[in-house]
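Working notes, beginning with the structure itself.
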Protein chains: 2
Amino acid sequence: MPIKRPETPVPSDDAKPKAAERIRRTARELFYREGIRAIGVEEIVTRAGVTKPSLYRSYASKDELAAEYLRDYELAFWKVFEAGEADHPGDARAQLMAYFEGLAHRATQAGYRGCGLTNAVVEYPGDEHPARKVAQTHKRKLRARLVSMCEAMGARSPEVLADGLLLLLEGTYASGQLFGRQGPARSLVAVAEQLIDASLR
Amino acid sequence: MPIKRPETPVPSDDAKPKAAERIRRTARELFYREGIRAIGVEEIVTRAGVTKPSLYRSYASKDELAAEYLRDYELAFWKVFEAGEADHPGDARAQLMAYFEGLAHRATQAGYRGCGLTNAVVEYPGDEHPARKVAQTHKRKLRARLVSMCEAMGARSPEVLADGLLLLLEGTYASGQLFGRQGPARSLVAVAEQLIDASLR
DNA sequence: GATCATACGTACCGATCGGTAACATAGTCA
DNA sequence: TGACTATGTTACCGATCGGTACGTATGATC
């Protein structure tokens, strides 16, 4: 019979226990689908199969759990956003359009709920909310990233093109939940191509 | 001394009394600034200087009050949106750009809160909510209106151009609250012009 | 001045909100 | 085995949620 080794390797500084991870995943799903304000902590712990004290030992408050959810969301976003780099190395335009194509598809599915980060900013107008801070920091990062991609494309005015593409992105997030399957998000790719074409020197 | 005539003219079927109107106005301001879910009915009636029963005598529920708020919001929107018609009769492009210019200005002010209708859809993902229904109906109307304006402009593909402009609009609503004064909304006019130019035959 | 409808306020409802104190249990290492 | 730590559980807190039963003030009409 083999020796039972500990589940967490020796130099693991921050291995989250089971309950905290279940809470995290459940909160992520519920917060995204229903909205943060709409979901109570009671429902989170019930659906996660744990109880409230388990939540509050791992997260300081519901607001902090929401912020954590958005940090996870951001990680997942970058993974999708950067997926095109492998397929199109050195081609910023193709990388960006790969993300746009995927987004246009997702945003025209029934039940699409937009960007969790943008939604959080809508739900929490006050600047002091931790979730809002995560979201705003992320969006600034995204904007800077778009600018550098537009520079790589050789845009006449990278900032203006990046702004335009960001407006299209955010517009797609919103329109995806406003309109159903035949929403304006279906034109995202065509419009983005037009805009990029018109912006190159 | 003149005969004191009744305040409401004879064939007035539904003249709202004073308290209901105060509630309406207070709700409109608070719902827009703070969000619908964030504001309780208690706070509305307190700030309006009335009491809860007064609210529930004029509105069936908080949800219905929220829907009423959005109906008012929609009226105000069309007033602004159609303001350009007087200045630029028969010139759909100039009418639209007039709205875009005003929006770009508002969306780059500190404390901008985006579109109340879009925000409501973010706050209430469930299709059955009365506020959401108002918002979605409005957005469909807006989309149709944009299509007809793009036809009037002589666009190659009016639907695609209208979609693109709608994405820019919604993106501006969102970006206005995400970024501060130097947000991407500042480029809205330039981008829209580029997109329209590229879409005419 | 009595009547009566309308409009408004006082006081309260049960439910749920986010959050916690106190205790029980399980795994780790001496 | 025994002490320590980490995690889970029961039961509860005050505050606030949306909503209402019921009594009161007001103002026009006869």
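Naming: A, B, ... by sequence-line order, numbering from 1 per chain.
Distance CG (A/Leu55) to P (D/dT7): 14 Å, rounded to an integer number of Å. Rounded to whole angstrom, the span from the NZ atom of B/Lys62 across to the C1' atom of D/dG19 amounts to 12 Å. Going from atom CD1 of A/Ile23 over to atom C1' of D/dG8 covers 10 Å, rounded to whole Å. Taking atom CD on B/Glu43 and atom P on D/dG18, their separation rounds to 10 Å, with Å as the unit. When rounded to the nearest whole Å, the span between CZ of A/Arg37 and P of D/dC17 equals 11 Å. Spacing between atom OH of A/Tyr59 and atom P of D/dT7 amounts to 12 Å, rounded to whole angstrom units. The interatomic distance linking A/Ile44 (CD1) with C/dG19 (P) rounds to 11 Å, in whole Å. One atom, CD of B/Glu64, and another, C1' of D/dG18, lie 14 Å apart when rounded to the nearest Å.
Between B/Glu29 and B/Arg47, no side-chain nitrogen of the basic residue sits less than 4.0 Å from a carboxylate oxygen of the acidic one, so the salt-bridge criterion is not met. Taking a cutoff of 4.0 Å between a charged side-chain nitrogen and a carboxylate oxygen, B/Asp63 and B/Arg132 do not qualify as a salt bridge. Between A/Glu123 and B/Arg37, none of the side-chain N atoms (NZ, or NE/NH1/NH2) sits under 4.0 Å from a carboxylate O, so this pair counts as no salt bridge.
With A/Glu64 contributing its side chain and A/Tyr59 its backbone, the two residues share no donor-acceptor pair below 3.5 Å.
Across C/dG9, C/dC17, D/dG19, the shortest atom-to-atom separation from the side chain of A/Glu42 is found for C/dC17. Of all nucleotides listed (C/dG9, C/dC8, C/dG19), C/dG9 comes nearest to the side chain of B/Val50. Comparing D/dA21, D/dT9, C/dG19 against the side chain of A/Arg57 picks out D/dT9 as the nearest.
Judged by closest nucleotide on DNA chain C, A/Ala38 is the one of A/Ala38 and A/Ala60 placed further toward the 5' end.
OP1 and OP2 of D/dT20 both lie 4.0 Å or more from every side-chain N or O belonging to B/Tyr56. Taking 4.0 angstrom as the limit, A/Thr51 places none of its side-chain polar atoms (N or O) nearer than this to OP1 or OP2 of D/dG8. Phosphate contact (OP1/OP2 of C/dG19, side-chain N/O of A/Lys52, threshold under 4.0 Å): absent. Contact annotation: B/Ser54 reaches the phosphate of C/dG9 (side-chain N/O to OP1 or OP2, under 4.0 Å).
Among the atoms of the strands shown, only primed sugar atoms or phosphate atoms (P, OP1, OP2) are found under 4.0 Å from some heavy atom of B/Ile39.
For the residue pair A/Ser187 / B/Glu159, no side-chain donor-acceptor distance below 3.5 Å is found, with atom types taken as modelled.
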